[in-house]
Amino acid sequence: EALEPLVLAPGVHLAAGANTVPVMRGMCSLACDLVQHFAALEAVAWPPAATGIGRRYFESITSAWLEGGAFPALGLTAFRETAEGNLQSVGLAFWIGKELQIEGPLSADKVAAARLGVRLVNHLVVIGGIDRSERLVGPDGSRLVMRPSKNGDLVRVTHE
C-alpha cells in the first residue's frame, strides 16, 4: 500500500518566523490534532532531524510539550555519532541555529550522553541557544561547560 505525504508549512505571513518556537508549537499542535483525528496517518516526518516519528509516539511527546512538559528532543531532533566518537545532535540548528556536540569523555557512554543531550536540547530550546560559555552541573553532579564553537555552528559540551 502506497503512502501519501501531507505537508504542513507556515503560510507566507509567518515565513519570517517559521523556525520560532511559538510558530512551531502551533504547527506541532495542528499536526497532533491531525494524528488524533485521522487513523490512517501512520507517521510524522520531521525533515530538519531526518526523523520519522510513529503516530502514537509523536502524539505523546508533542502533547506533553504543548502542555508544558519538556521539548520533544527525541523526535524533533536526533543524535548521531561523529567520526571522532562525539555525540552530535541533528536538527537542533532548526531551533537555535547551532547543533549540540557532546565531546569525550562525556560521549564514551552513548546512552548516558544521549540522556544528557536530551536535557541540554530542552535547555537550549527553552533559552533560545547560547552566545557565550555557560557552566552547568550534569545529572551525575559533574561540572560541565557549554561553549559555542569558533565558527559558530556548534555548542560544544565538555567537562570543566
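Residue pairs meeting the salt bridge (charged side-chain N to carboxylate O under 4.0 Å, His left out) criterion with at least one member in residues 63-90, sequence neighbours excluded, are Glu81-Lys110.
Contact detail for Lys98 and Pro148: the closest heavy-atom pair is CE-CB, 4.1 Å. The two residues Ser63 and Gln36 make their nearest non-hydrogen contact at OG-NE2, 4.0 Å. The minimum heavy-atom distance linking Arg55 with Ala39 is given by the pair NH1-O, 3.2 Å. Taking every heavy atom of both residues into account, Pro10 and Val23 meet most closely at CG-CG1, 4.1 Å. Scanning all heavy atoms of the two residues, the minimum distance from Ala113 to Ile102 falls at O-CD1, 3.2 Å. Nearest heavy atoms, Gly91 versus Glu99: N-OE2, 3.0 Å.
Side-chain heavy atoms closer than 4.5 Å link hydrophobic residues (I, L, V, M, F, W, Y) into clusters, and following such links, even through other members, never connects Ile96 to Val145. Connection of Val90 to Phe79 is not established within any shared hydrophobic cluster, with ILVMFWY side chains joined at heavy-atom distances below 4.5 Å, either directly or through further cluster members. One hydrophobic cluster, built from ILVMFWY side chains closer than 4.5 Å, holds both Val155 and Leu116. No continuous path of ILVMFWY side-chain contacts below 4.5 Å connects Leu154 to Val121, so the two sit in separate hydrophobic clusters.
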Name the atoms and distances for all side-chain donor-acceptor pairs under 3.5 Å in residues 126-137, with sequence neighbours left out.
from, atom 1, to, atom 2, distance (Å)
Glu134, OE2, His123, NE2, 2.7
Arg135, NE, Glu160, OE2, 2.2

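We find the CG-CD distance between Leu100 and Glu103 to be 9.5 Å, quoted to the nearest 0.5 Å. Distance check, rounded to the nearest 0.5 Å: CG of Leu76 to CH2 of Trp46 gives 5.5 Å. Ser107 OG to Gln101 CD: the interatomic distance, rounded to the nearest 0.5 Å, is 8.0 Å. Remark: Met24 CE to Leu8 CG distance equals 9.0 Å, nearest 0.5 Å.
Using a 4.5 Å heavy-atom threshold, the side chains of Ile61 and Leu74 count as separate.
Below 30°, between 30° and 60°, or above 60°: for Trp65 and Phe71 the angle between ring planes is above 60°, a perpendicular geometry.
Heavy atoms from other residues, nucleotides or ligands lying under 6.0 Å from CZ of Arg119 number 12 at most.
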**Request:** Begin from the C-alpha positions of Val125 and Leu92 and carry the test side-chain contact (heavy atoms from CB on, under 4.5 Å) through to its verdict.
**Result:** CA-CA 8 Å; Val125 170; Leu92 182 59; 3.8 Å; yes
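Among Asn86, Leu87, Val157, the single residue meeting the side-chain contact (heavy atoms from CB on, under 4.5 Å) criterion with Leu106 is Val157.
Contacts of Leu66 classified as side chain to side chain contact (heavy atoms under 4.5 Å, CB included), with partners at least two apart in sequence or in another chain: Arg25, Ser29, Thr62.
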